[in-house]
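See structure below.
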Amino acid sequence: MLWIMQFSGFFSAAMMMIVLSPSLQSFPPAEAIRSSHLDSYIRLPSFQVSTSPGSQDDRFSFRKAFEFRNADACGFADHKTTGVCDPTLVHVAITLDVQYLRGSIAAVHSILQHSLCPENVFFHFLVSETDMETLVRSTFPQLKFKVYYFDPEIVRNLISSSVRQALEQPLNYARNYLADLLEPCVRRVIYLDSDLVFVDNISKLWSTNLRSRTIGAPEYCHANFTKYFTNSFWSDDRFSGTFRGRKPCYFNTGVMVIDLVRWRRAGFTRRIERWMEIQKSNRIYELGSLPPFLLVFAGRVAPIEHRWNQHGLGGDNVRGSCRDLHPGPISLLHWSGSGKPWLRLDSKRPCPLDALWAPYDLYRHPH
């Protein structure tokens with residue numbers, strides 16, 4: 001860990017906070033809420049995930065997390081009675097994908113570790129390949145969660161080829177359908193990618209004032225916005241004219257606070273689908289599920305502090321090279337890009353910042 005000495009005093013202090021073992025937390029068990037939400041999007045697969053140490057697929061082998069409990073300042077809420085509709089809950093949506101499962105588990109672990117009121121966090125897990133409920137329950141016995149099956153066929157014919165094959169996976173597009181998948185009583189949700197960890201209390205992000213906007217996210221107005229779309233897009237006023245009257249800025253869709261009431265009312269799912277249909281015949285962008293969000297929301301986003309998405313730590317979409325942190329305070333570290341910390345750590349060729357992800361990893365390495 002000698003490389004840490006090369007960082008600033010602030011970063012060293014942040015590192016000390018991050019590497020604190022979850023065992024130092026004094027939270028007793030939280031009550032588990034578990035079930036699967038069945039609606040028009042569901043067609044459950046017919047096989048289960050094994051979580052035993054000797055399971056056939058070692059990607060599904062995780063250690064049991066330590067228990068976390070609310071601090072006294074959180075007060076008392078009877079989640080037994082109100083369930084997912086409890087207005088005191090913080091709602092978090094995240095995918096559980098076979099390739100990124102290790103990252104998702106680490107993300108959940110980090111949220112619980114840094115939350116003042118972990119019993120008040122309700123996780124909505126989106127899956128499309130397997131029934132993950134048993135795995136989640138064995139890793140986080142006290143977790144409040146539901147599993148929602150997203151049928152890949154809903155978007156398969158809408159997905160276009162991208163610069164990286166991982167960006168073409170149907171589950172990447174499940175966030176477009178959160179307003180339909182989640183219960184109507186869920187009025188707001190934080191959507192998170194699987195390749196990030198929190199180093200701050202998620203309640204602070206949850207309390208974001210969206211004002212009149214539907215989504216909130218850190219914006220990056222210095223980025224070259226034109227590169228996210230093809231020349232044919234910018235040369236055709238039928239398409240580029242959508243930004244007329246707006247000041248569009250790039251934002252990363254891996255961390256978003258979403259007002260589901262406004263989303264449902266405005267029908268944003270269908271607006272995103274329409275741009276995906278146009279893409280199939282006109283090739284107006286190259287980069288996966290991000291551009292449709294930019295087309296619908298860029299210039300209409302409630303800005304959130306950059307500390308809530310220190311993104312790009314996975315490098316670019318091709319080489320996945322090492323990156324440094326952006327200047328400023330840090331509340332969330334995001335390994336967007338092709339380089340994932342668990343893969344680089346296992347290969348014994350990690351980037352320096354991958355050491356900040358490692359304390360949240362619950363993966364049980366095979367002997």
Side-chain angles (χ1 to χ4, degrees), residues 89-95 107 111 121-126 148 150 155 158 167 171-196 198 200 202-223 225 228-229 242-276 279 285 287-312 331-332 334 336:
L89 292 173
V90 172
H91 294 277
V92 178
I94 189 169
T95 61
I111 291 170
V121 183
F122 196 103
F123 290 88
H124 304 263
F125 293 117
L126 312 175
Y148 302 73
F150 178 71
V155 293
L158 292 173
L167 301 177
L171 199 57
N172 288 339
Y173 296 83
R175 58 189 166 201
N176 302 357
Y177 299 88
L178 284 170
D180 301 307
L181 288 168
L182 273 54
E183 291 80 355
C185 66
V186 180
R187 302 172 61 87
R188 171 183 283 218
V189 69
I190 297 174
Y191 174 81
L192 299 173
D193 275 352
S194 300
D195 51 359
L196 53 78
F198 275 72
D200 203 346
I202 194 172
S203 295
K204 297 177 184 177
L205 179 60
W206 175 256
S207 63
T208 297
N209 184 354
L210 297 182
R211 299 179 178 85
S212 61
R213 302 303 191 186
T214 301
I215 68 170
E219 290 185 297
Y220 302 89
C221 295
H222 63 278
F225 192 79
Y228 294 101
F229 302 95
T242 192
F243 292 124
R244 191 173 295 119
R246 291 197 255 168
K247 294 182 179 179
C249 295
Y250 163 75
F251 64 94
N252 181 280
T253 53
V255 180
M256 296 186 292
V257 181
I258 305 175
D259 185 324
L260 294 175
V261 176
R262 288 196 180 99
W263 184 294
R264 293 168 181 135
R265 186 184 302 135
F268 282 120
T269 296
R270 181 57 193 145
R271 297 192 196 185
I272 290 173
E273 286 180 332
R274 179 56 185 148
W275 280 112
M276 293 174 69
Q279 160 74 354
Y285 56 80
L287 191 63
S289 60
L290 169 65
F293 260 85
L294 296 179
L295 287 161
V296 173
F297 292 110
R300 299 167 179 163
V301 174
I304 294 177
E305 287 183 89
H306 289 180
R307 67 187 304 153
W308 290 107
N309 196 350
Q310 281 271 341
H311 69 289
S331 292
L332 184 151
H334 187 186
S336 57

Can you give me the closest heavy-atom contact between [X] and [Y], atom names plus distance?
X	Y	result
Gly254	Leu196	O-CD2, 3.8 Å
Leu192	Val92	CD1-CG1, 3.6 Å
Leu295	Arg246	O-NH2, 2.7 Å
Trp206	Leu89	CZ2-O, 3.5 Å
Ala217	Val301	N-CG1, 3.5 Å
Val90	Ser203	CG2-OG, 4.2 Å

Are [X] and [Y] near enough that their ring centres are under 6.0 Å apart?
X	Y	value
Tyr173	Phe150	no
Tyr228	Tyr250	yes
Tyr148	Phe125	no

Quick check for you: to the nearest 0.5 Å, what is the distance between [X] atom [atom1] and [Y] atom [atom2]?
X	Y	atom1	atom2	answer
Leu294	Thr242	CG	OG1	11.0 Å
Asn172	Thr95	CG	OG1	7.0 Å
Asp259	Ile215	CG	CD1	11.0 Å
Thr214	Phe268	OG1	CZ	4.0 Å
Leu126	Leu181	CG	CG	6.5 Å
Asn252	Gln310	CG	CD	12.0 Å

Do any N or O atoms from the side chain of [X] and from the backbone of [Y] form a donor-acceptor pair under 3.5 angstrom?
X	Y	value
Ser336	Gly312	yes
Arg262	Arg213	yes
Thr269	Asn176	yes

Minimum side-chain heavy-atom gap Arg188-Leu260 below 4.5 Å: no
Note, Asp180 side chain near Leu178 side chain (heavy atom, < 4.5 Å): no
Side chain to side chain donor-acceptor pair (under 3.5 Å) contacts touching residues 290-307 (sequence neighbours left out):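 Listed once each, the pairs are Arg307-Ser331.
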Geometric class of the Phe229/Tyr285 ring pair [parallel <30°, tilted 30-60°, perpendicular >60°]: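 If you compare the ring of Tyr285 with that of Phe229, the planes turn out perpendicular.
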Parallel, tilted or perpendicular: ring planes of Phe251 versus Phe293, cut at 30 and 60 degrees: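 Ring orientation, 0 to 90° scale: perpendicular.
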Tyr220 and Asn309: CA distance, side-chain angles, deciding distance, side chain to side chain contact (heavy atoms under 4.5 Å, CB included) verdict: CA-CA 11 Å; Tyr220 302 89; Asn309 196 350; 4.0 Å; yes
Pair His91-Phe123, side chain to side chain contact (heavy atoms under 4.5 Å, CB included): steps then yes or no: CA-CA 6 Å; His91 294 277; Phe123 290 88; over 6 Å; no
Derivation of the side chain to side chain contact (heavy atoms under 4.5 Å, CB included) call for Ile304 and Glu219: CA-CA 7 Å; Ile304 294 177; Glu219 290 185 297; over 6 Å; no
N-O pairing of Asp193 and Arg175 below 4.0 Å: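 Salt bridge between Asp193 and Arg175, a charged N being under 4.0 Å from a carboxylate O: yes.
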Arg270 atom CZ: more than 12 heavy-atom contacts under 6.0 Å: yes
Exceeds 12 heavy-atom contacts within 6.0 angstrom, atom CZ of Arg187: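 Not more than 12 within 6.0 Å, no.
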ring-ring contact (aromatic ring centres under 6.0 Å, His included) between Tyr177 and Trp263, worked out: CA-CA 10 Å; Tyr177 299 88; Trp263 184 294; 9.1 Å; no
Steps toward side chain to side chain contact (heavy atoms under 4.5 Å, CB included) verdict (Val255, Leu205): CA-CA 10 Å; Val255 180; Leu205 179 60; 4.1 Å; yes
